[in-house]
Amino acid sequence: MIQNPKRYTITAALPYTNGPIHIGHLAGVYVPADIYSRYLRLQNKDVAFICGSDEHGVAISMKAKKEGITPQEVIDKYDGIIRKSFSDFGISFDNYSRTSAKVHHDTASEFFRTLYDKGDFIEEVTEQLYDAKANQFLADRFVVGTCPRCGNDGAYGDQCENCGSTLNATDLINPKSTITGETPILKETKHWFLPLDRYSDFLTKWILEGHKNDWKPNVYGQVKSWIDGGLEPRAVTRDLDWGIDVPVEGAEGKKLYVWFDAPIGYISSTKEWAAREGKDWEPYWKDEETKLVHFIGKDNIVFHCIIFPAMLKAEGSYILPDNVPANEFLNLEGNKLSTSKNWAVWLHEYLEDFPEKQDVLRYALTSNAPETKDNDFTWKDFQARNNNELVAIFGNFINRVVVLTNKYYDGIIPTPNEFTEVDEATLAELKAYPAVISSSVERYRFREALGELMNVARLGNKYLADEEPWKVMKDDPERVKTQMYVALQIAAALSVLAEPFLPFTAAKLSRILKNEGQLKWSDVIENDELIPAGHKIGEAELLFAKIEDEEIQKQIDKLEATKTANLAENKQAEPQKDLIQFEDFAKMDIRIGTILEAEKMPKANKLLVLKVDTGIDVRTIVSGIAESFSPEEIIGKRVSVLANLAPRALRGVESQGMILMTTNAEGKLVFVNPDTDAPNGATVN
């Protein structure tokens, strides 16, 4: 762990440009990285916060084939959506680049060539799956088949999403090409491999011994598991038609493997930023006094803690990450986020539904951040955190302070009189908070840090509640001047301490207080006065607005519609039963009827006792639909009845027929009934 670094290089995982950004990405990577970067800038640190679009690899090709467009059109579309989402949400990258940029192609090619010239790669001819009809080798995701470990028949060539096993395409049973549906053949092809096994001792010493106490347990544990399991050479090239050409002779038609070229995107993006700003990029990647921190999700731990460091070590001139504070996954309403199933809250859609509420989502995601375990985002929790915390605590304190200052002093901060012990204790406690928040941020405990920020607002609320200036004003207006002065110092502190977490709120609060850009983090610790007497503030504005139940229900309904659509899409009809003769069908007497009465069967959760007018009689039918329907809602319902089913006694009640039912896409029972007004007793032929 580097002490007092001269500069910081902070990277956020390159988002893949085959879809938009959702809340899982934000919670796992971009909000914590932005909090950390903003905090360091408030400390006057030299920061390069780097990111960019990851635009190569087989998933881009698959998306292009599926949509009937070119890979370039795919990446241009989603790069635009992603950039706008990040900008609208206030993610403060110093540079956001693209791996399709020339600077990246040049940097990645040079990096590969350096390792190639040093003899760090293994060149090997292997057998890979080949689609003869499509006349191309099949990348991992262009192959599906049966998983050899769990039997899932929808496993991909690199991973089984059912059991989580890492696979090779040649491991699959009954593999099929997703391009043509043909069974692929094995064909020899040459590739280059990074021999990770050579770096096992280095990784053991650097991480397992050197970072045992300062890296997050989830990161350390996953790295240890990989190393203990034995590292193997990993391919750095692929047979693809989209990506960066392998820059050596004999590699025609081959591209750099996306997980070789993507992390180099951090370096090329830094080069792009440095050239624009007139800086030298090399100290940010090659100076031992630079602190390099990678913010990623847990699915990228192996690449950032084993593969990329091995690449950097092999090259020889680069620094290694000081920390990789990877988060776990965020689920949505109890289910795993899924881009393919549209089970997500997309950032661009959120900003349309909740305009100017970027900070509400930042707050909810940070408060519930999956820092040590998978967590669940629910819309009800989002609403509660806004209404019960942001509105009721933070917003309430600021509103009272600003309203009272304008009411009593026309917005001019009063000159305080003598401070009481309560005043001095409150101001002393305020000065202590920046160090407490800093300690949490610098240990990557952003949820904890946000809680301490809210404690500053609670400090202000408690001070006002205890001092009650609105009551004291009648008898001791001079005392109120001091009370309001103290409360305004807390408000000013919040305008700077909130900036890493709630940047839009901090900016709005600074506009209200008219102290934009005047305060730094250290001022809250060192200065006795953060906002001076005689300074005129602005009129009161609500920092946060209450979110109503109707707005939340709209979001829940949207997810329910998604769930229904997924069930309908994935629902498979049951196989046809054995053939019967017409005479077999003709034996069934199916009649249209009406339910006249319905009541629950005593001591039976699933059964309803029905009185049904079949047109030929009124009979009793016992039906196992009580868990799907209440008796009240089905009285008068038109139904189809199998009238000549042999009677059967159920819990002492003789059932004289059967109600015909089916299920909808959600698996709920649905009555089979006529869509026109057929009379009771009409037969179904």
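Bear in mind the structure is a predicted one, so any value in this text is a computation, not a measurement. Note that these values count all heavy atoms, side chains included, but never hydrogens, waters or copies made by symmetry.
The side chain to side chain contact (heavy atoms under 4.5 Å, CB included) check on Ser367 picks up Tyr363, Arg385, Leu450, with sequence neighbours excluded. Residues satisfying the side chain to side chain contact (heavy atoms under 4.5 Å, CB included) criterion with Ser177, sequence neighbours excluded, are Asp131, Leu138, Ile179, Thr180. Partners of Asn375 according to the side chain to side chain contact (heavy atoms under 4.5 Å, CB included) rule, which considers only residues two or more places apart in sequence or in another chain, are Leu330, Asn368, Pro370, Lys373, Arg447. For Phe329, the side chain to side chain contact (heavy atoms under 4.5 Å, CB included) partners two or more places apart in sequence, or in a different chain, are Lys298, Asp299, Asp374.
Side-chain N or O atoms of Trp343 include none that pairs as donor or acceptor with a backbone N or O of Leu559 at under 3.5 Å. Put simply, the side chain of Glu633 gets close to the backbone of Ser630: a donor and an acceptor are under 3.5 Å apart. Proximity of a side-chain donor or acceptor of Asp613 to a complementary backbone N or O of Thr594 within less than 3.5 Å is not detected. Looking at Thr366, its side chain does come within 3.5 Å of a backbone N or O of Arg362 through a donor-acceptor pair. A donor-acceptor pair under 3.5 Å is formed between the side chain of Asn386 and the backbone N or O of Ala545. Side-chain atoms of Asn18 do not come within 3.5 Å of backbone N or O of Lys63 as any donor-acceptor pair.
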Exercise. Quick one: do Asp76 and Gln72 satisfy side chain to side chain donor-acceptor pair (under 3.5 Å)? Show the steps, please.
Key: CA-CA 6 Å; Asp76 287 346; Gln72 188 66 47; 3.0 Å; yes

Practice problem: Mind running side chain to side chain donor-acceptor pair (under 3.5 Å) on Arg591 and Asn680 for me, showing each step along the way? | Solution: CA-CA 7 Å; Arg591 305 273 180 153; Asn680 289 343; over 6 Å; no

Quiz item: Going through the distances and angles, do Tyr16 and Ile60 end up as a side-chain contact (heavy atoms from CB on, under 4.5 Å)?
Solution: CA-CA 9 Å; Tyr16 205 52; Ile60 302 295; 3.5 Å; yes

Self-check item: Intermediate values then yes/no, side-chain contact (heavy atoms from CB on, under 4.5 Å), Tyr96 and Ile82
Solution: CA-CA 10 Å; Tyr96 189 86; Ile82 291 169; 3.3 Å; yes

Quiz item: So Leu26 and Leu347, side-chain contact (heavy atoms from CB on, under 4.5 Å) or not? Walk me through it.
Solution: CA-CA 9 Å; Leu26 290 177; Leu347 184 52; 3.7 Å; yes

Exercise. Show your reasoning for whether side chain to side chain donor-acceptor pair (under 3.5 Å) applies to Gln358 and Asp88.
Key: CA-CA 8 Å; Gln358 297 96 324; Asp88 290 346; over 6 Å; no

Self-check item: Candidate pair Val143 and Lys176, rule side-chain contact (heavy atoms from CB on, under 4.5 Å), full reasoning
Solution: CA-CA 6 Å; Val143 187; Lys176 298 289 183 184; over 6 Å; no

Quiz item: Are Gln383 and Asn388 close enough, and set up right, to give a side chain to side chain donor-acceptor pair (under 3.5 Å), and what steps lead you there?
Solution: CA-CA 8 Å; Gln383 180 188 27; Asn388 302 338; over 6 Å; no

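Thr70 and Glu73 share a side-chain donor-acceptor pair at under 3.5 Å. With 3.5 Å as the limit, one finds a donor-acceptor pair spanning the side chains of Arg400 and Asn461. For the residue pair Thr614/Asp617, the side-chain donor-acceptor check at 3.5 Å is satisfied. There is a side-chain donor-acceptor pair under 3.5 Å between Gln553 and Asp557. Side-chain contact annotation: Thr620 with Lys611, donor-acceptor N/O pair under 3.5 Å present.
Side-chain contact between Leu129 and Leu186 is present, with heavy atoms from C-beta onward closer than 4.5 Å. Side-chain atoms of Ile659 and Ile621, non-hydrogen and from C-beta on, do get closer than 4.5 Å to each other. Counting heavy atoms from C-beta on, the side chains of Ile592 and Val684 come closer than 4.5 Å. Side-chain contact check for Pro71 versus Trp242: some heavy-atom pair is nearer than 4.5 Å. The shortest distance between side-chain heavy atoms of Val29 and Asn327 does not fall below 4.5 Å. A heavy-atom distance below 4.5 Å is found between the side chains of Val360 and Ile547. Between Phe303 and Ile296, every side-chain heavy-atom pair lies at or beyond the 4.5 Å cut-off. Between Tyr78 and Ser53 the shortest side-chain heavy-atom distance does not fall below 4.5 Å.
Shortest non-hydrogen contact noted between His22 and Ala344 is CB-CB, 3.9 Å. Of all non-hydrogen atoms in Val345 and Leu337, the two that sit nearest each other are N-CD2, 4.4 Å. Between Lys216 and Ala326, the shortest heavy-atom distance links the atoms NZ-O, 2.9 Å. The nearest pair of heavy atoms linking Gly145 to Leu172 is N-CD1, 3.7 Å. Shown here for Ile393 and Ala457, the closest heavy-atom pair between the two residues is CG2-CB, 3.9 Å. When every heavy atom of Val622 is checked against every heavy atom of Ser655, the shortest pair comes out as N-OG, 3.0 Å.
Atom CD of Gln555 and atom CD of Glu349 lie 8.5 Å apart (nearest 0.5 Å). A distance of 7.5 Å separates CZ in Phe89 from CG in Asp359, rounded to the nearest 0.5 Å. Interatomic distance, CG of Leu610 versus CD of Glu597, reported as 10.0 Å (0.5 Å rounding). With rounding to the nearest 0.5 angstrom, the OG atom of Ser623 is 7.5 Å from the CD1 atom of Ile634. Interatomic distance, Leu332 CG to Lys336 NZ, rounded to the nearest 0.5 Å: 13.5 Å. Rounding to the nearest 0.5 angstrom, the gap separating the OH atom in Tyr350 from the CD1 atom in Ile21 is 16.0 Å.
Shown here is Lys637, whose NZ atom has no more than 12 heavy atoms of other residues, nucleotides or ligands within 6.0 Å. With a 6.0 Å radius and a threshold of 12 heavy atoms from other residues, nucleotides or ligands, Gln581 has its CD atom at or below the threshold. Counting heavy-atom neighbours within 6.0 Å of Met658 CE, excluding the residue itself, gives a total of 12 or less.
Note: Phe629 and Phe671 have tilted aromatic rings, judged against thresholds of 30 and 60 degrees for the angle between ring planes.
Close placement of the Trp379 and Phe354 rings is indicated, their centers lying within 6.0 Å of each other.
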Please tabulate, for the side chains in residues 599-609, all donor-acceptor contacts under 3.5 angstrom to protein atoms that are two or more places apart in sequence or on a different chain.
none

Result block: side-chain N/O donor-acceptor pairs under 3.5 angstrom for residues 639-648, not counting sequence neighbours:
unit_1, atom_1, unit_2, atom_2, d
Ser640, OG, Val672, O, 2.9
Asn644, OD1, Asp589, N, 2.9
Asn644, ND2, Lys587, O, 2.5

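The only option from Thr683, Leu660, Asn685 that meets the side chain to side chain contact (heavy atoms under 4.5 Å, CB included) definition with Ile590 turns out to be Leu660.
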